[in-house]
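Throughout, a chain's letter reflects where its sequence line sits, starting with A, and its residues are numbered from 1. Values below: every heavy atom of this structure, side chains too, minus hydrogens, waters and symmetry copies.
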2 protein chains.
Amino acid sequence: MPTIQEVAKMAGVSVATVSRVLNHSEAVSSATRDKVQAVINQLNYQPNLLGRNLRRSETRMILVLLQNIANSFYSKVVKGMEDVAHDHDYHVLICNTNTDVLLENVYLDFLKNKLVDGVIFTSPAMDKDAFNQLAKRYPVVLCNEYKPGIEAPVITIDNEAAGYEAANHLIRLGHKKIGMISVNAVGSSNARIQGYKCALTEAGLEVNEAYIVNQTFSYKGGMRGIKCLFDLQEPPTAVFCISDIIAVGAIKELKRKGLSVPQDVAVIGFDNNSIAPMYEPSITTIAQPRYDIGRKAMEVMLQRIQGVGDQHAITTMEHELIIRHSTLPSR
Amino acid sequence: MPTIQEVAKMAGVSVATVSRVLNHSEAVSSATRDKVQAVINQLNYQPNLLGRNLRRSETRMILVLLQNIANSFYSKVVKGMEDVAHDHDYHVLICNTNTDVLLENVYLDFLKNKLVDGVIFTSPAMDKDAFNQLAKRYPVVLCNEYKPGIEAPVITIDNEAAGYEAANHLIRLGHKKIGMISVNAVGSSNARIQGYKCALTEAGLEVNEAYIVNQTFSYKGGMRGIKCLFDLQEPPTAVFCISDIIAVGAIKELKRKGLSVPQDVAVIGFDNNSIAPMYEPSITTIAQPRYDIGRKAMEVMLQRIQGVGDQHAITTMEHELIIRHSTLPSR
DNA sequence: CTGTTAGCGCGTTCAC
DNA sequence: GTGAACGCGCTAACAG
């Protein structure tokens, strides 16, 4: 493991000159540059970035906190982040929080201890106040999840409009009894419920709170949601699920009950997860511009680090209704 | 951002004493410890780990390289790694390589530049020689993927036995024409094909190379695989897919052709992906002990870092056949 | 039990 | 265009 000292000695120059070559400084003659570079190649020298990072007090590393890497939704979001980061000589690190506040705090220590230059949250486990406290002192961006009162840059879609659009799609198909399977823990769920209620009201349909059931963010949550809804005296003829995974569980359970989708019950999901077109039937859903969300989040983060731009801006990205077979008109 | 100097000054002690308190050294009187701790709390001091890491020349960070975080298979593997790492005061970082050699090399620089203490590969993009070269100089472990000639610790299941078991399951169900959809790029595929051939031969069935088609590791790969197999004069009555995702594509395409699963064609997948029980029909598959694979990989890594244990050992984990509805006997 | 000293490997003035 | 000297923040060896 050669050090910069050894390179300098072997090249017959000072460490400063080696450093200049390493950092592509203009102020070095091409002759010495070649000489130094030759030694670097010969020794297969790799600069120790711990030294550099300490000296510069920056790491050019951005940490992305995911609740669970298995959530394929974030795959393309992260890709967008990476592409922007790499364009600016930054790197992306990913860590799992498992929705565990303790674990989240462990990773936040990376930020506080200067091991990373910024953190992009997807779904903070900590409460709003703690989050704001953190955002005040460190570069922090919230990606794709929004709670009112957040004082940090936020990238999100208009969840209320998206919820409205989803419900409206079902209404236009002629449905009058429309259920909803939501998740309390998801910050955007309230906005989506709001949009759903708005669409119903606007169409002259009454909002039945019993039609809105809260479940876990999972396949099984979808199954249980259907069980709840179909225990009602008048079950819905259409169901808006807050995620495609939940929609899958819902459809599975409907089939188990001998009901067919979309003929007996229409189902719409959310996110345009990769499973949505694959499932049988393929699932109507709201697509989020995942890659662009990731790009934007990283752009905002890099601005945040440089201290430019509005530090509390909410960036709203466009969503899109994608109609597939789980909501085809029944006639 | 207070430094250790300021803490020392304000507490009226030397930086060494502060360092001792920070590192829970016994050799500190409880009086001064309390005094120092009070200042630390008051200043909300967070040690700069860049300094510590440089000094100790270790980071206690392990980098896990994934081709794609969307592959939910690795979610539990990573969980296993994390649990072991945390027990030993190590941390896990995840990076995406997108099967890109260039990107992989960028992340390997983290290792060469001392930013992480070790790297666990899941599926190296580089060739075998480059991998061995790397493994010779740095702590490297290969998790869940194996190529012959690898000179590094490897954690894997017995893919040949698993392939044998999958094929044998179909044979016992009475199938005689058994197709296979494989993926060239997956290192373990050859072993699985070997097991498949072995089972057929043992059952007195002839191995028909046209029944083994190579596809991409994806849903669409499964669809295309079925198209290939059913272009044959005598299509198979059962198909062994090298992954559950491929099995999903296969089933989808079979249904499109008006064939029903498992009545007309039986399908078996691999990995016990979360989609396997969710799909319609639920998918028979080979389960790998993902969590334990992750744990073991990290244990081996930590040994590797300490220079103990066999540095070229292959650890074989147990797999399990899980029978679901995609291969139920047709009668 | 505590302080002094000396680096870890590197980047950066400031001379020359 | 190049080198000497200093310090980033921290830990470890040695005194006392």
To the nearest angstrom, how far is [X] atom [atom1] from [N] atom [atom2]?
X        : N      : atom1 : atom2 : value
B:Arg20  : C:dT5  : CZ    : C1'   : 12 Å
A:Glu58  : D:dG9  : CD    : P     : 14 Å
A:Glu6   : C:dG9  : CD    : C1'   : 11 Å
B:Lys112 : C:dC10 : NZ    : C1'   : 20 Å
B:Ile4   : C:dT2  : CD1   : C1'   : 14 Å
A:Gln46  : C:dG9  : CD    : C1'   : 14 Å
A:Arg56  : D:dG9  : CZ    : P     : 16 Å
A:Leu49  : C:dC8  : CG    : C1'   : 14 Å

Residue mapping more 5' on DNA chain D - nearest nucleotide basis, A:Val15 or A:Ser29: A:Ser29
Nearest-nucleotide comparison on DNA chain C, the residue closer to the 5′ end among B:Ala27 and B:Gly51: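 Closest to the 5' end, via its nearest nucleotide, is B:Ala27.
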Side-chain donor/acceptor of A:Arg55 to base of D:dG9, under 3.5 Å: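 Absent.
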CE/B:Met10: more than 12 non-hydrogen atoms of other groups inside 6.0 Å: no
CD (B:Glu318) with more than 12 external heavy atoms under 6.0 Å: no
Check whether any side-chain N or O of [X] sits under 4.0 Å from OP1 or OP2 of [N], and answer yes or no.
X       : N      : result
B:Thr32 : C:dC1  : no
B:Thr3  : D:dC10 : yes
B:Arg52 : D:dG9  : no
B:Tyr45 : D:dG9  : no
B:Ser19 : D:dT11 : yes

Side chain of [X] only, please: which of [options] is the nearest?
X       : options               : value
A:Val28 : C:dG3, D:dT11, D:dT2  : D:dT2
A:Asn48 : C:dC10, D:dG3, C:dT12 : C:dC10
A:Leu54 : D:dC14, D:dG9, C:dT13 : D:dG9
A:Thr17 : D:dC10, C:dT2, D:dG3  : D:dG3

So what does [X] hit on the nucleic acid, given a heavy-atom distance under 4.0 Å: a base, only sugar-phosphate, or nothing?
X       : value
A:Leu50 : nothing
A:Ser57 : nothing
A:Val18 : nothing
B:Asn23 : sugar-phosphate

Residues B:Asn184 and B:Ser189: side-chain donor-acceptor under 3.5 angstrom: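 No, no side-chain donor-acceptor pair sits under 3.5 Å.
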Polar contact flag, side-chain donor to acceptor under 3.5 angstrom, A:Gln67-A:Asn71: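 There is no such pair (donor and acceptor under 3.5 Å, judged by atom type) between the side chains of A:Gln67 and A:Asn71.
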Salt bridge A:Lys147-A:Glu145, side-chain N to carboxylate O under 4.0 Å: no
Note: B:Lys79-B:Asp83 ion pair, threshold 4.0 Å (strictly below): yes
